[in-house]
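Have a look at the structure below, then the notes.
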Amino acid sequence: MTQPEPASSSSSSAARSDFAPDTIVVESGRPQRTDGAAVNPPIDLSSTFVSTGDITASPYAYARFDTPAWTPFEEALGQLEHSALPGLVFGSGLAAISAVISLVPAGGTLIIPTHSYQGALSSAEQIAKRQNFDVVTVDIADTEAVIAALDEAGHATPGQTKTDGAAASASAGAAGSPGMLWIESPTNPMLEVADVPALTAAAKDRGFLVSVDNTFATPLLQTPLDLGADIVVHSVTKFLAGHSDVVLGAVLTSDAELREALHTERSMRGGIAGPFEVWLALRGLRTLAVRLDRAQANAHAIAERLAAHPAVVETRYPGLPDDPGHARAAAQMNGFGAIISFTVETADKATAIAEAVRLWTPATSLGGVESLIERRRRHPSEPATVPEGLIRLSVGIENLDDLWTDLEAALA
Ligand SMILES: *Cc1c(COP(=O)(O)O)cnc(C)c1O
(Lines give C-alpha, C1' and ligand atoms only; values in the text may rest on other atoms or scores of the structure.)
Protein backbone atom coordinates (compact mmCIF):
# COMPACT_ATOMS: atom_id res chain seq x y z
CA MET A 1 0.00 0.00 0.00
CA THR A 2 1.51 3.27 -1.08
CA GLN A 3 -1.70 5.25 -0.55
CA PRO A 4 -1.80 7.44 2.53
CA GLU A 5 -4.60 6.29 4.82
CA PRO A 6 -7.05 8.87 6.14
CA ALA A 7 -5.65 9.73 9.57
CA SER A 8 -8.58 8.25 11.44
CA SER A 9 -10.19 6.03 8.84
CA SER A 10 -12.00 4.11 11.58
CA SER A 11 -14.39 7.03 11.95
CA SER A 12 -14.74 8.22 8.37
CA SER A 13 -18.01 6.50 7.46
CA ALA A 14 -20.09 7.06 10.59
CA ALA A 15 -18.82 10.29 12.08
CA ARG A 16 -20.88 9.84 15.27
CA SER A 17 -18.70 9.26 18.27
CA ASP A 18 -19.68 7.68 21.59
CA PHE A 19 -17.47 10.16 23.38
CA ALA A 20 -18.51 13.45 24.93
CA PRO A 21 -17.59 16.58 22.94
CA ASP A 22 -14.83 17.56 25.37
CA THR A 23 -13.26 14.16 24.72
CA ILE A 24 -13.82 14.32 20.95
CA VAL A 25 -11.79 17.53 20.65
CA VAL A 26 -8.83 15.68 22.15
CA GLU A 27 -9.31 12.19 20.72
CA SER A 28 -10.54 12.64 17.14
CA GLY A 29 -8.38 12.96 14.04
CA ARG A 30 -5.46 10.95 15.46
CA PRO A 31 -3.39 8.46 13.44
CA GLN A 32 -4.23 4.79 13.97
CA ARG A 33 -2.65 3.19 17.02
CA THR A 34 0.10 0.97 15.77
CA ASP A 35 3.49 0.55 17.40
CA GLY A 36 5.74 3.40 16.51
CA ALA A 37 2.94 5.54 15.01
CA ALA A 38 2.96 9.25 15.70
CA VAL A 39 0.40 10.56 18.19
CA ASN A 40 -0.34 13.56 15.97
CA PRO A 41 -1.08 13.56 12.26
CA PRO A 42 1.84 14.88 10.17
CA ILE A 43 1.77 18.13 8.23
CA ASP A 44 1.37 16.51 4.84
CA LEU A 45 2.95 18.67 2.15
CA SER A 46 2.29 16.60 -0.97
CA SER A 47 0.48 18.32 -3.82
CA THR A 48 -0.05 15.02 -5.61
CA PHE A 49 -0.57 11.39 -4.60
CA VAL A 50 0.04 8.04 -6.18
CA SER A 51 -3.02 6.97 -8.13
CA THR A 52 -3.15 4.17 -10.66
CA GLY A 53 -5.99 3.60 -13.12
CA ASP A 54 -9.34 5.19 -12.22
CA ILE A 55 -8.36 8.45 -10.56
CA THR A 56 -11.76 8.87 -8.89
CA ALA A 57 -11.25 5.61 -7.00
CA SER A 58 -8.16 6.94 -5.22
CA PRO A 59 -8.78 8.47 -1.76
CA TYR A 60 -6.31 11.21 -2.61
CA ALA A 61 -5.10 12.19 -6.07
CA TYR A 62 -4.37 15.92 -6.15
CA ALA A 63 -4.30 18.25 -3.14
CA ARG A 64 -6.74 20.86 -4.44
CA PHE A 65 -9.47 18.18 -4.30
CA ASP A 66 -8.58 16.44 -1.03
CA THR A 67 -5.46 15.93 1.01
CA PRO A 68 -4.52 14.03 4.18
CA ALA A 69 -3.51 17.46 5.49
CA TRP A 70 -7.24 18.25 5.84
CA THR A 71 -8.79 14.89 6.70
CA PRO A 72 -8.11 14.70 10.47
CA PHE A 73 -9.55 18.17 11.08
CA GLU A 74 -12.52 17.54 8.77
CA GLU A 75 -13.34 14.31 10.59
CA ALA A 76 -13.00 15.89 14.03
CA LEU A 77 -15.34 18.71 13.04
CA GLY A 78 -17.82 16.25 11.52
CA GLN A 79 -18.00 14.38 14.82
CA LEU A 80 -18.36 17.55 16.86
CA GLU A 81 -21.20 18.91 14.71
CA HIS A 82 -23.02 15.54 14.69
CA SER A 83 -22.67 15.38 10.93
CA ALA A 84 -23.03 12.05 9.14
CA LEU A 85 -20.17 13.17 6.86
CA PRO A 86 -16.76 14.74 7.44
CA GLY A 87 -16.58 18.53 7.14
CA LEU A 88 -15.00 20.50 4.32
CA VAL A 89 -12.22 22.89 5.27
CA PHE A 90 -11.94 26.19 3.33
CA GLY A 91 -9.23 28.84 3.08
CA SER A 92 -11.28 31.25 5.25
CA GLY A 93 -14.65 31.54 6.92
CA LEU A 94 -15.77 33.80 4.12
CA ALA A 95 -14.67 31.29 1.46
CA ALA A 96 -16.88 28.73 3.23
CA ILE A 97 -19.76 31.21 3.41
CA SER A 98 -19.56 32.23 -0.24
CA ALA A 99 -19.45 28.59 -1.34
CA VAL A 100 -22.67 27.96 0.59
CA ILE A 101 -24.37 31.13 -0.65
CA SER A 102 -23.48 30.13 -4.23
CA LEU A 103 -25.94 27.25 -3.82
CA VAL A 104 -28.93 29.63 -3.87
CA PRO A 105 -30.60 29.00 -7.24
CA ALA A 106 -31.17 31.76 -9.78
CA GLY A 107 -34.58 33.29 -9.25
CA GLY A 108 -34.61 32.14 -5.61
CA THR A 109 -34.22 34.13 -2.40
CA LEU A 110 -31.60 34.28 0.32
CA ILE A 111 -33.08 35.42 3.64
CA ILE A 112 -30.31 36.66 5.91
CA PRO A 113 -30.15 38.51 9.26
CA THR A 114 -29.62 42.28 9.16
CA HIS A 115 -27.10 41.75 11.96
CA SER A 116 -25.06 39.10 10.16
CA TYR A 117 -21.34 38.99 9.98
CA GLN A 118 -20.86 41.89 7.56
CA GLY A 119 -18.67 39.92 5.16
CA ALA A 120 -21.47 37.37 4.76
CA LEU A 121 -23.94 40.09 3.87
CA SER A 122 -21.59 41.81 1.39
CA SER A 123 -20.65 38.51 -0.20
CA ALA A 124 -24.34 37.57 -0.48
CA GLU A 125 -25.18 40.81 -2.27
CA GLN A 126 -22.31 40.35 -4.71
CA ILE A 127 -23.10 36.72 -5.53
CA ALA A 128 -26.82 37.52 -5.80
CA LYS A 129 -26.21 40.09 -8.52
CA ARG A 130 -24.13 37.69 -10.53
CA GLN A 131 -26.36 34.67 -10.02
CA ASN A 132 -29.64 36.48 -10.21
CA PHE A 133 -31.31 35.78 -6.86
CA ASP A 134 -32.84 38.09 -4.26
CA VAL A 135 -31.39 38.94 -0.85
CA VAL A 136 -33.87 39.82 1.89
CA THR A 137 -32.64 40.99 5.30
CA VAL A 138 -34.61 40.18 8.46
CA ASP A 139 -34.48 40.58 12.22
CA ILE A 140 -33.57 36.96 12.90
CA ALA A 141 -34.78 37.18 16.52
CA ASP A 142 -38.29 38.07 15.26
CA THR A 143 -39.60 34.61 14.33
CA GLU A 144 -42.88 35.86 12.86
CA ALA A 145 -41.08 38.36 10.62
CA VAL A 146 -38.75 35.62 9.33
CA ILE A 147 -41.70 33.33 8.60
CA ALA A 148 -43.46 36.16 6.77
CA ALA A 149 -40.31 36.67 4.66
CA LEU A 150 -40.22 32.92 3.90
CA ASP A 151 -43.87 33.02 2.83
CA GLU A 152 -43.30 35.97 0.56
CA ALA A 153 -40.13 34.53 -0.99
CA GLY A 154 -41.83 31.15 -1.43
CA HIS A 155 -44.08 32.69 -4.08
CA ALA A 156 -41.10 33.42 -6.34
CA THR A 157 -40.41 30.82 -9.01
CA PRO A 158 -36.77 29.79 -8.97
CA GLY A 159 -35.18 28.78 -12.21
CA GLN A 160 -37.08 31.13 -14.50
CA THR A 161 -34.44 33.84 -14.55
CA LYS A 162 -31.62 31.35 -14.83
CA THR A 163 -29.40 32.83 -17.50
CA ASP A 164 -26.39 30.59 -17.90
CA GLY A 165 -25.02 27.16 -17.23
CA ALA A 166 -22.53 28.32 -14.62
CA ALA A 167 -25.23 29.54 -12.28
CA ALA A 168 -27.24 26.40 -12.87
CA SER A 169 -24.42 24.01 -12.10
CA ALA A 170 -23.21 26.00 -9.09
CA SER A 171 -26.62 25.54 -7.52
CA ALA A 172 -26.89 21.83 -8.29
CA GLY A 173 -27.21 20.91 -4.61
CA ALA A 174 -30.15 23.26 -4.14
CA ALA A 175 -31.98 22.62 -7.43
CA GLY A 176 -35.72 23.07 -7.09
CA SER A 177 -35.44 24.95 -3.80
CA PRO A 178 -37.01 28.42 -3.46
CA GLY A 179 -33.81 29.51 -1.75
CA MET A 180 -32.01 29.56 1.56
CA LEU A 181 -32.54 30.83 5.09
CA TRP A 182 -29.28 32.01 6.62
CA ILE A 183 -29.18 31.97 10.40
CA GLU A 184 -26.58 33.45 12.67
CA SER A 185 -27.21 32.90 16.36
CA PRO A 186 -26.11 34.57 18.54
CA THR A 187 -25.75 37.43 16.04
CA ASN A 188 -22.76 39.66 15.47
CA PRO A 189 -22.45 42.10 17.19
CA MET A 190 -25.89 42.44 18.80
CA LEU A 191 -25.95 38.99 20.46
CA GLU A 192 -29.58 38.39 19.47
CA VAL A 193 -30.70 34.77 19.70
CA ALA A 194 -32.79 33.19 16.91
CA ASP A 195 -35.33 30.48 17.66
CA VAL A 196 -33.35 27.99 15.58
CA PRO A 197 -35.69 24.93 15.82
CA ALA A 198 -38.78 27.03 14.95
CA LEU A 199 -37.03 28.74 12.03
CA THR A 200 -35.55 25.57 10.56
CA ALA A 201 -38.97 23.85 10.75
CA ALA A 202 -40.73 26.78 9.05
CA ALA A 203 -38.07 27.05 6.36
CA LYS A 204 -38.07 23.34 5.57
CA ASP A 205 -41.88 23.24 5.39
CA ARG A 206 -41.56 25.80 2.61
CA GLY A 207 -38.72 23.99 0.83
CA PHE A 208 -35.87 26.33 1.82
CA LEU A 209 -32.39 25.14 2.66
CA VAL A 210 -31.18 26.30 6.06
CA SER A 211 -27.58 27.29 6.83
CA VAL A 212 -26.33 28.31 10.25
CA ASP A 213 -23.16 30.28 10.94
CA ASN A 214 -22.11 28.58 14.18
CA THR A 215 -18.93 30.60 14.74
CA PHE A 216 -20.01 32.36 17.95
CA ALA A 217 -21.40 29.23 19.63
CA THR A 218 -18.95 26.54 18.44
CA PRO A 219 -20.17 22.92 18.25
CA LEU A 220 -19.60 22.59 21.99
CA LEU A 221 -22.44 25.03 22.72
CA GLN A 222 -24.77 24.44 19.77
CA THR A 223 -25.18 21.73 17.11
CA PRO A 224 -27.43 23.23 14.41
CA LEU A 225 -27.73 19.98 12.41
CA ASP A 226 -29.56 18.55 15.46
CA LEU A 227 -31.85 21.62 15.37
CA GLY A 228 -32.86 20.96 11.75
CA ALA A 229 -30.25 22.89 9.75
CA ASP A 230 -28.96 21.48 6.44
CA ILE A 231 -25.59 23.22 6.52
CA VAL A 232 -23.31 24.61 9.24
CA VAL A 233 -20.49 27.06 8.53
CA HIS A 234 -17.61 28.17 10.71
CA SER A 235 -14.96 30.78 10.73
CA VAL A 236 -12.33 28.38 12.08
CA THR A 237 -10.20 31.50 12.56
CA LYS A 238 -12.11 32.21 15.78
CA PHE A 239 -12.79 29.81 18.68
CA LEU A 240 -12.00 26.54 16.88
CA ALA A 241 -8.38 27.42 16.09
CA GLY A 242 -8.46 29.76 19.08
CA HIS A 243 -5.08 31.51 19.02
CA SER A 244 -5.52 34.33 16.50
CA ASP A 245 -2.82 32.80 14.29
CA VAL A 246 -4.72 31.30 11.33
CA VAL A 247 -7.48 32.26 8.92
CA LEU A 248 -9.62 29.25 7.95
CA GLY A 249 -13.21 28.18 7.42
CA ALA A 250 -15.30 25.03 7.32
CA VAL A 251 -18.66 23.71 6.14
CA LEU A 252 -20.59 20.71 7.45
CA THR A 253 -23.61 18.87 6.11
CA SER A 254 -25.06 15.38 6.48
CA ASP A 255 -26.49 15.56 2.94
CA ALA A 256 -24.19 13.80 0.46
CA GLU A 257 -25.52 15.74 -2.54
CA LEU A 258 -25.00 19.09 -0.83
CA ARG A 259 -21.54 18.05 0.30
CA GLU A 260 -20.65 17.10 -3.24
CA ALA A 261 -21.86 20.47 -4.56
CA LEU A 262 -19.81 22.30 -1.90
CA HIS A 263 -16.80 20.12 -2.57
CA THR A 264 -17.06 21.07 -6.25
CA GLU A 265 -17.31 24.76 -5.30
CA ARG A 266 -14.14 24.41 -3.22
CA SER A 267 -12.20 22.51 -5.88
CA MET A 268 -13.27 24.70 -8.80
CA ARG A 269 -12.86 28.14 -7.14
CA GLY A 270 -9.55 26.82 -5.91
CA GLY A 271 -8.82 29.08 -2.92
CA ILE A 272 -7.98 26.19 -0.63
CA ALA A 273 -6.53 25.91 2.88
CA GLY A 274 -2.81 25.35 3.44
CA PRO A 275 -1.61 22.21 5.28
CA PHE A 276 0.13 24.12 8.08
CA GLU A 277 -2.92 26.27 8.84
CA VAL A 278 -5.13 23.20 9.12
CA TRP A 279 -2.59 21.49 11.35
CA LEU A 280 -2.60 24.56 13.62
CA ALA A 281 -6.40 24.51 13.69
CA LEU A 282 -6.44 20.87 14.83
CA ARG A 283 -3.82 21.70 17.44
CA GLY A 284 -6.00 24.58 18.65
CA LEU A 285 -9.11 22.39 18.67
CA ARG A 286 -7.49 20.07 21.25
CA THR A 287 -7.98 22.71 23.96
CA LEU A 288 -11.33 24.11 22.78
CA ALA A 289 -13.30 22.71 25.71
CA VAL A 290 -11.02 24.07 28.44
CA ARG A 291 -10.52 27.40 26.64
CA LEU A 292 -14.24 27.85 26.21
CA ASP A 293 -15.04 26.87 29.82
CA ARG A 294 -12.68 29.49 31.13
CA ALA A 295 -13.58 32.20 28.60
CA GLN A 296 -17.28 31.64 29.20
CA ALA A 297 -16.94 31.82 32.98
CA ASN A 298 -14.97 35.06 32.60
CA ALA A 299 -17.59 36.44 30.18
CA HIS A 300 -20.47 35.63 32.50
CA ALA A 301 -18.86 37.43 35.44
CA ILE A 302 -17.87 40.43 33.32
CA ALA A 303 -21.37 40.69 31.80
CA GLU A 304 -22.90 40.78 35.30
CA ARG A 305 -20.49 43.49 36.40
CA LEU A 306 -21.08 45.55 33.24
CA ALA A 307 -24.86 45.28 33.66
CA ALA A 308 -24.49 46.78 37.16
CA HIS A 309 -22.07 49.55 36.08
CA PRO A 310 -23.44 53.14 36.02
CA ALA A 311 -21.56 54.07 32.79
CA VAL A 312 -23.15 51.21 30.84
CA VAL A 313 -26.47 51.88 29.07
CA GLU A 314 -27.14 48.30 27.99
CA THR A 315 -25.37 44.94 28.21
CA ARG A 316 -26.18 42.08 25.85
CA TYR A 317 -25.09 38.60 26.91
CA PRO A 318 -27.49 35.67 26.52
CA GLY A 319 -26.34 34.30 29.88
CA LEU A 320 -27.88 37.22 31.81
CA PRO A 321 -31.29 36.05 33.12
CA ASP A 322 -33.05 39.22 31.91
CA ASP A 323 -31.42 39.22 28.45
CA PRO A 324 -34.09 39.03 25.69
CA GLY A 325 -32.34 35.95 24.23
CA HIS A 326 -31.82 34.13 27.54
CA ALA A 327 -34.71 31.65 27.41
CA ARG A 328 -34.05 30.64 23.80
CA ALA A 329 -30.32 30.30 24.39
CA ALA A 330 -30.95 28.19 27.48
CA ALA A 331 -33.26 25.93 25.46
CA GLN A 332 -31.06 25.36 22.40
CA MET A 333 -27.49 25.91 23.62
CA ASN A 334 -25.19 24.23 26.14
CA GLY A 335 -23.74 27.54 27.31
CA PHE A 336 -23.85 31.24 26.52
CA GLY A 337 -20.46 31.79 24.95
CA ALA A 338 -17.69 34.30 25.47
CA ILE A 339 -18.85 37.32 23.44
CA ILE A 340 -20.48 40.32 25.14
CA SER A 341 -21.70 43.57 23.67
CA PHE A 342 -22.39 46.63 25.78
CA THR A 343 -23.33 50.19 24.96
CA VAL A 344 -22.10 53.43 26.46
CA GLU A 345 -23.66 56.85 25.78
CA THR A 346 -21.57 58.06 22.85
CA ALA A 347 -19.15 56.96 20.15
CA ASP A 348 -16.43 59.12 21.75
CA LYS A 349 -16.84 57.43 25.11
CA ALA A 350 -16.67 54.01 23.47
CA THR A 351 -13.53 54.98 21.55
CA ALA A 352 -11.95 56.34 24.73
CA ILE A 353 -12.63 53.06 26.56
CA ALA A 354 -11.07 50.97 23.79
CA GLU A 355 -8.02 53.27 23.89
CA ALA A 356 -7.68 53.31 27.69
CA VAL A 357 -7.42 49.56 28.30
CA ARG A 358 -3.97 48.13 28.95
CA LEU A 359 -4.68 44.38 29.17
CA TRP A 360 -7.54 44.02 26.67
CA THR A 361 -6.28 44.36 23.10
CA PRO A 362 -8.08 46.87 20.90
CA ALA A 363 -8.59 44.76 17.77
CA THR A 364 -11.27 43.21 15.61
CA SER A 365 -11.90 39.44 15.47
CA LEU A 366 -12.77 37.15 18.36
CA GLY A 367 -12.43 33.70 19.85
CA GLY A 368 -8.72 33.73 20.72
CA VAL A 369 -7.14 33.14 24.12
CA GLU A 370 -6.51 36.89 24.49
CA SER A 371 -9.33 39.32 25.31
CA LEU A 372 -10.23 41.80 22.56
CA ILE A 373 -12.25 45.01 22.65
CA GLU A 374 -13.74 46.96 19.76
CA ARG A 375 -16.20 49.77 19.06
CA ARG A 376 -18.11 48.22 16.19
CA ARG A 377 -19.31 51.32 14.37
CA ARG A 378 -15.70 52.19 13.54
CA HIS A 379 -16.29 49.79 10.63
CA PRO A 380 -17.89 51.81 7.82
CA SER A 381 -19.88 48.71 6.78
CA GLU A 382 -21.53 48.20 10.18
CA PRO A 383 -25.32 48.72 9.90
CA ALA A 384 -26.81 51.93 11.33
CA THR A 385 -28.99 49.81 13.62
CA VAL A 386 -25.87 49.03 15.68
CA PRO A 387 -25.55 51.81 18.31
CA GLU A 388 -22.62 54.23 17.90
CA GLY A 389 -21.53 53.52 21.47
CA LEU A 390 -21.63 49.71 21.18
CA ILE A 391 -18.50 47.86 22.24
CA ARG A 392 -17.97 44.18 21.47
CA LEU A 393 -15.86 42.14 23.84
CA SER A 394 -14.28 38.82 22.98
CA VAL A 395 -13.46 37.50 26.42
CA GLY A 396 -10.32 35.40 26.67
CA ILE A 397 -8.81 33.13 29.28
CA GLU A 398 -6.78 35.59 31.36
CA ASN A 399 -7.33 36.08 35.09
CA LEU A 400 -10.83 37.46 35.68
CA ASP A 401 -9.83 40.07 38.24
CA ASP A 402 -7.09 41.41 35.97
CA LEU A 403 -9.60 41.70 33.11
CA TRP A 404 -12.22 43.44 35.24
CA THR A 405 -9.77 45.82 36.93
CA ASP A 406 -8.51 46.93 33.52
CA LEU A 407 -11.98 47.37 32.02
CA GLU A 408 -13.33 49.12 35.11
CA ALA A 409 -10.46 51.61 35.05
CA ALA A 410 -11.13 52.30 31.35
CA LEU A 411 -14.85 52.79 32.07
CA ALA A 412 -13.96 55.36 34.72
C1 LIG B 1 -14.97 36.11 11.39
C2 LIG B 1 -16.32 35.62 11.03
C3 LIG B 1 -16.60 35.19 9.72
C4 LIG B 1 -15.57 35.27 8.59
O5 LIG B 1 -14.53 34.38 8.79
P6 LIG B 1 -13.02 34.61 8.22
O7 LIG B 1 -12.32 33.43 8.74
O8 LIG B 1 -12.55 35.93 8.75
O9 LIG B 1 -13.13 34.64 6.73
C10 LIG B 1 -17.86 34.70 9.47
N11 LIG B 1 -18.81 34.65 10.42
C12 LIG B 1 -18.59 35.06 11.68
C13 LIG B 1 -19.67 34.98 12.68
C14 LIG B 1 -17.34 35.56 12.03
O15 LIG B 1 -17.12 35.99 13.28
Side-chain angles (χ1 to χ4, degrees), residues 47 62-67 69-78 81 83 85-104 110 112 116-131 133 135 166-167 169-174 180 182-184 188 209 211-216 218-219 224 229-242 244-253 255 258-282 284-285 364-368 381:
S47 61
Y62 185 63
R64 178 159 39 79
F65 299 108
D66 275 300
T67 151
W70 299 339
T71 306
F73 183 70
E74 292 181 328
E75 291 190 348
L77 216 48
E81 284 288 4
S83 171
L85 300 167
L88 291 165
V89 70
F90 281 77
S92 69
L94 205 53
I97 287 170
S98 40
V100 173
I101 288 176
S102 298
L103 298 180
V104 179
L110 175 71
I112 184 165
S116 298
Y117 181 75
Q118 274 307 295
L121 209 48
S122 309
S123 171
E125 276 155 12
Q126 227 181 45
I127 298 169
K129 263 186 216 141
R130 225 178 279 145
Q131 275 187 212
F133 60 78
V135 177
S169 69
S171 56
M180 182 182 288
W182 190 267
I183 297 176
E184 210 178 290
N188 175 51
L209 285 173
S211 301
V212 177
D213 184 332
N214 206 27
T215 300
F216 272 36
T218 84
D230 301 293
I231 297 170
V232 173
V233 302
H234 279 285
S235 171
V236 173
T237 312
K238 313 295 169 52
F239 290 100
L240 297 179
S244 307
D245 54 7
V246 287
V247 175
L248 276 182
V251 176
L252 296 111
T253 177
D255 181 316
L258 279 176
R259 190 180 188 280
E260 187 54 36
L262 290 162
H263 186 273
T264 300
E265 257 322 284
R266 180 177 74 178
S267 304
M268 294 300 111
R269 306 282 171 187
I272 55 163
F276 186 56
E277 284 71 18
V278 180
W279 186 89
L280 276 175
L282 184 63
L285 189 71
T364 196
S365 197
L366 55 105
S381 58

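The first residue of the sequence shown is numbered 1, and numbering continues consecutively from there.
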[X]: side-chain contact (heavy atoms from CB on, under 4.5 Å) partners, not counting sequence neighbours:
X: Glu277; answer: Val246, Leu248
X: Ser267; answer: Phe65, His263
X: Ser47; answer: none

query = Donor-acceptor pair, Thr67 side chain versus Ala69 backbone, under 3.5 Å?
reply =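 At least one qualifying donor-acceptor pair exists.
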ask   = Okay, side chain of Glu81, backbone of Val232: is any donor-acceptor separation there less than 3.5 Å?
value =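 Side chain of Glu81 to backbone of Val232, a donor-acceptor pair under 3.5 Å: no, none is there.
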Any non-hydrogen side-chain atom of [X] less than 4.5 Å from a side-chain atom of [Y]?
X: Val236; Y: Phe73; result: yes
X: Ile231; Y: Val233; result: yes
X: Trp70; Y: Leu282; result: no
X: Leu77; Y: Leu252; result: yes
X: Trp182; Y: Leu209; result: no
X: Asp213; Y: Ile183; result: no
X: His234; Y: Pro219; result: yes

query = Where do Ser211 and Met180 come nearest, in terms of heavy atoms and distance?
reply =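 Nearest pair, atom of Ser211 first, then Met180: OG-SD, 3.3 Å.
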First locate atom [atom1] of [X], then atom [atom2] of [Y], and finally report the distance between them rounded to the nearest 0.5 Å.
X: Asn188; Y: Thr215; atom1: CG; atom2: OG1; value: 9.5 Å
X: Leu103; Y: Thr264; atom1: CG; atom2: OG1; value: 10.0 Å
X: Leu262; Y: Thr253; atom1: CG; atom2: OG1; value: 7.0 Å
X: Phe239; Y: Leu285; atom1: CZ; atom2: CG; value: 13.5 Å
X: Met268; Y: Ser102; atom1: CE; atom2: OG; value: 14.0 Å
X: Ile112; Y: Tyr117; atom1: CD1; atom2: OH; value: 12.5 Å

Would you be so kind as to tabulate the donor-acceptor pairs closer than 3.5 Å made by side chains of residues 86-99, with sequence neighbours excluded?
unit_1, atom_1, unit_2, atom_2, d
Ser92, OG, Leu94, N, 3.3
Ser92, OG, Ala95, N, 2.9
Ser98, OG, Leu94, O, 2.8
Ser98, OG, Ala95, O, 3.4

task = Mind running salt bridge (charged side-chain N to carboxylate O under 4.0 Å, His left out) on Arg266 and Glu74 for me, showing each step along the way?
result = CA-CA 14 Å; Arg266 180 177 74 178; Glu74 292 181 328; 2.9 Å; yes
Stepwise side-chain contact (heavy atoms from CB on, under 4.5 Å) test for Asp255 and Asp230 = CA-CA 7 Å; Asp255 181 316; Asp230 301 293; 5.8 Å; no
query = So Val251 and Val100, side-chain contact (heavy atoms from CB on, under 4.5 Å) or not? Walk me through it.
reply = CA-CA 8 Å; Val251 176; Val100 173; 3.9 Å; yes
inquiry  = Under the salt bridge (Lys or Arg N to Asp or Glu O under 4.0 Å) definition, can you give me all pairs with a residue in residues 232-241, not counting sequence neighbours?
reply    = none
Qualifying residues under side chain to side chain donor-acceptor pair (under 3.5 Å), relative to Thr218, sequence neighbours excluded = none
